[in-house]
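What follows is a short report on a single structure.
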There are 2 protein chains.
Amino acid sequence: MMKKQLIMEKALELFAMQGFEATSVQQITEQCGISKGAFYLSFKSKDELILSLIDHFMMQITSELDCIVRDTEKTNEVLYKFYYGNFSSFYKYSDFAKTFIKEQTHSFNEEFILKIHYYDSELEKIILSMIERIYGENLPAKLDIMYSIKGFMNTYSHLFLFSQVPFDLHQLAKSLVEKTDLLAKHAAVPFLTEELYQNIKHPVTEEEQKEKILEIIDQKIEGLKDDSIVQESFILLKKHLKEPTFGPAIVKGLLENIRHNSHCKWITYLLQSYLKM
Amino acid sequence: MMKKQLIMEKALELFAMQGFEATSVQQITEQCGISKGAFYLSFKSKDELILSLIDHFMMQITSELDCIVRDTEKTNEVLYKFYYGNFSSFYKYSDFAKTFIKEQTHSFNEEFILKIHYYDSELEKIILSMIERIYGENLPAKLDIMYSIKGFMNTYSHLFLFSQVPFDLHQLAKSLVEKTDLLAKHAAVPFLTEELYQNIKHPVTEEEQKEKILEIIDQKIEGLKDDSIVQESFILLKKHLKEPTFGPAIVKGLLENIRHNSHCKWITYLLQSYLKM
DNA sequence: TTGACAAATGACCGGTTAGTCATTATTATA
DNA sequence: TATAATAATGACTAACCGGTCATTTGTCAA
């Protein structure tokens with residue numbers, strides 16, 4: 001139907017300027033020259049409108065990007081076409097891009113969050129498959145490269161969406177290709193491991209986390225028999241985990257004891273996070 | 001006063017969870033165990049509260065970061081301390097960091113936008129001075145490195161703020177130091193020029209932009225006498241700029257004519273942007 | 001011209017909000 | 001204890017919101 005398209009277009013203009021929540025249905029219908037009731041003939045609710053917008057544009061953008069990566073035959077051109085394609089899409093659908101970036105972090109309802117996550121993970125999949133194609137399956141810092149690419153995209157998108165300055169997308173893409181290539185070929189200090197990434201995507205429950213921590217503590221108690229203070233601290237922390245025994249001061253002190261051992265940085269973080277210190 | 005601090009703390013917890021606009025003054029006062037009226041004895045309005053929060057924490061974080069960069073004597077440690085310090089701050093003030101990131105792109109009022117811009121440009125200054133100290137004044141891709149750093153900070157902050165997974169900040173900082181160093185030492189295809197950066201920070205008026213475009217067009221008309229189609233197109237576009245003459249179809253066609261000349265990519269972007277095509 | 005059906009309207013509803021202010025409670029002072 | 005000054009309250013206002021629905025308008029075929 002025609003009406004639906006009109007509403008989507010005008011609403012997007014307003015959302016880009018003022019944000020979703022700051023824009024009322026009244027305003028949208030005024031901009032369209034229709035009545036408030038007519039809006040609800042096309043959309044069940046204001047939420048359905050933004051959900052439709054996200055689906056409509058993200059399906060477009062995501063599939064375009066996927067085609068680019070899939071159909072570009074020369075491997076050395078893929079990165080360029082990826083960046084150029086992405087920024088072109090953002091340029092073409094700039095009102096949507098502005099809205100999406102603005103509302104990305106605002107979670108109105110469960111369905112909204114799920115949609116954002118879905119398209120984000122689709123993008124991650126596309127980027128990962130691209131990286132694997134260009135640099136091979138076993139690139140050590142694969143996930144870091146992926147996040148670096150996302151970082152570049154975010155920061156530079158922001159720049160050209162929210163400043164009125166005209167951008168040379170070709171030069172931008174070229175510049176980012178070089179940066180990405182440098183990182184992929186030479187970065188040797190990875191941060192994101194497969195395990196960490198899996199945890200981010202599928203957060204473990206508190207109970208599972210506790211089991212994991214206890215396991216590592218047992219390893220440490222066995223492995224660090226030469227440092228009695230650290231060992232004793234681990235034993236006490238293990239007791240505290242199984243049943244809360246100590247006050248925050250003692251727990252903090254025990255954590256300090258183990259933190260200084262260079263083999264215990266990771267477990268210290270795990271404990272700190274689990275105990276919400 | 002005590003009350004003020006209490007309100008700021010409790011409000012921040014709620015803002016981090018639900019966002020600023022979704023949190024009512026009622027909710028805040030309930031969380032504090034005070035009446036609604038009491039809120040307005042401490043703050044003139046809800047806006048003043050968030051503005052105070054931003055000032056309080058951003059002054060803290062920004063000055064801490066500045067001290068780190070200033071006081072670290074060994075140049076090869078500055079980058080690490082910068083990243084580590086920044087992520088530590090975000091970890092320490094995670095409720096604030098969450099709120100700030102969520103509301104960054106939402107512009108409630110003029111004062112809010114100004115504040116966000118102010119602290120953002122302070123951060124940029126700190127990063128730039130750090131880069132200059134480490135890599136020298138004349139690093140060609142200085143501004144790109146700065147934006148890359150901002151990109152890394154943003155993406156990884158997001159990751160550790162909005163996932164419950166515990167992070168090894170030491171490893172993260174180390175990894176980002178390596179990436180930044182690689183880019184600074186080897187990136188040779190800059191995107192952000194000083195001129196472009198100045199335009200972003202101090203956008204020119206439409207009139208100034210028009211003058212600049214006309215100037216470049218005159219250059220092109222002189223310099224591209226061998227391609228009569230391109231030349232003719234520029235002459236017509238110049239006429240159209242001085243007084244709108246043609247419909248969108250003709251203008252688009254003229255732009256297409258010049259776009260394909262490899263020397264005209266930049267001016268095509270300028271025109272496209274100015275004419276809002 | 002009529003009547004049946006669909007499309008469109010906008011007054012209206014219940015709910016929520018930021019912010020106010022007359023009133024009350026608490027504290028300090030004389 | 002009496003009085004003045006200050007702190008705190010919460011019912012209240014005015015505005016706005018998303019969403020509804022009885023009513024009107026427009027458009028067909030008969």
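Within every chain, numbering begins at 1; the chains are lettered A, B, ... in the order of the sequence lines, protein sequences first and strands thereafter. It should be emphasised that the depicted structure is a prediction, and the values quoted were computed from it without experimental measurement.
Evaluation of atom-type donor-acceptor distances gives a pair under 3.5 Å for the side chain of A/Lys36 against the base of D/dG18.
Across the protein-nucleic acid pair, A/Leu14 atom CG and D/dG18 atom P stand 12 Å apart, rounded to whole Å. One can place CD of B/Glu48 at 13 Å from C1' of C/dG19, the figure rounded to the nearest angstrom. The distance from atom CD of A/Glu30 to atom C1' of C/dT9 is 14 Å, rounded to the nearest whole Å. If you measure from atom CD of B/Gln27 to atom C1' of C/dT16, you get 11 Å, rounded to the nearest angstrom. Rounded to whole Å, atom P of C/dA7 lies 19 Å from atom OH of A/Tyr40. Rounded to whole Å, the distance from CZ on A/Phe108 to C1' on D/dG18 is 14 Å. Per the geometry, NZ belonging to B/Lys44 stands 15 Å off C1' belonging to C/dT20, to the nearest Å. Atom P of nucleotide C/dA18 and atom CZ of B/Phe39 are separated by 9 Å, given to the nearest angstrom.
Under a 3.5 Å cut-off, the side chain of A/Asp95 and the backbone N or O of A/Ala16 do not form any donor-acceptor pair.
A salt bridge links A/Glu195 to A/Lys212: one of the charged nitrogens lies within less than 4.0 Å of a carboxylate oxygen. No salt bridge links B/Asp66 with B/Lys125; every basic N to acidic carboxylate O contact stays at or beyond 4.0 Å. Between B/Asp71 and B/Lys81 there is no salt bridge, since none of the side-chain N atoms of the basic residue sits less than 4.0 Å from a carboxylate O of the acidic one.
Residue B/Lys46 has its side chain nearest to C/dA18 when only D/dG19, C/dA18, D/dT9 are considered. Residue B/Ser35 places its side chain closer to D/dG10 than to any other of D/dG10, D/dG18, C/dA18.
Annotation: cation-pi geometry not satisfied between A/Lys210 and A/Tyr274 (NZ/CZ under 6.0 angstrom from ring centroid, within 45° of ring axis).
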Table please: side-chain donor-acceptor pairs of residues 19-26 of chain B below 3.5 Å, with sequence neighbours left out.
residue, atom, partner, partner atom, Å
B/Thr23, OG1, B/Gln18, OE1, 3.0
B/Thr23, OG1, B/Gly19, O, 2.7
B/Ser24, OG, B/Gln27, N, 3.2

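The two atoms that bring A/Lys36 and A/Thr29 nearest to each other are CA-CG2, 3.8 Å, heavy atoms only.
Contacts between residues 49-57 of chain A and DNA chain D, defined by a heavy-atom separation below 4.0 Å, involve no residue at all. Within residues 16-24 of chain A, the residues that place at least one heavy atom under 4.0 Å from DNA chain D are, in residue-number order, A/Thr23, A/Ser24.
A/Phe96 and A/Phe57 have parallel rings, their planes meeting at less than 30° on a 0 to 90° scale where 60° marks the start of perpendicular.
A/Glu124 and A/Tyr197 are linked by a side-chain donor-acceptor pair at a separation below 3.5 angstrom, with hydrogens and angles left out of the test.
Residue A/Lys3 places at least one side-chain N or O under 4.0 Å from the OP1 or OP2 atom of C/dA8.
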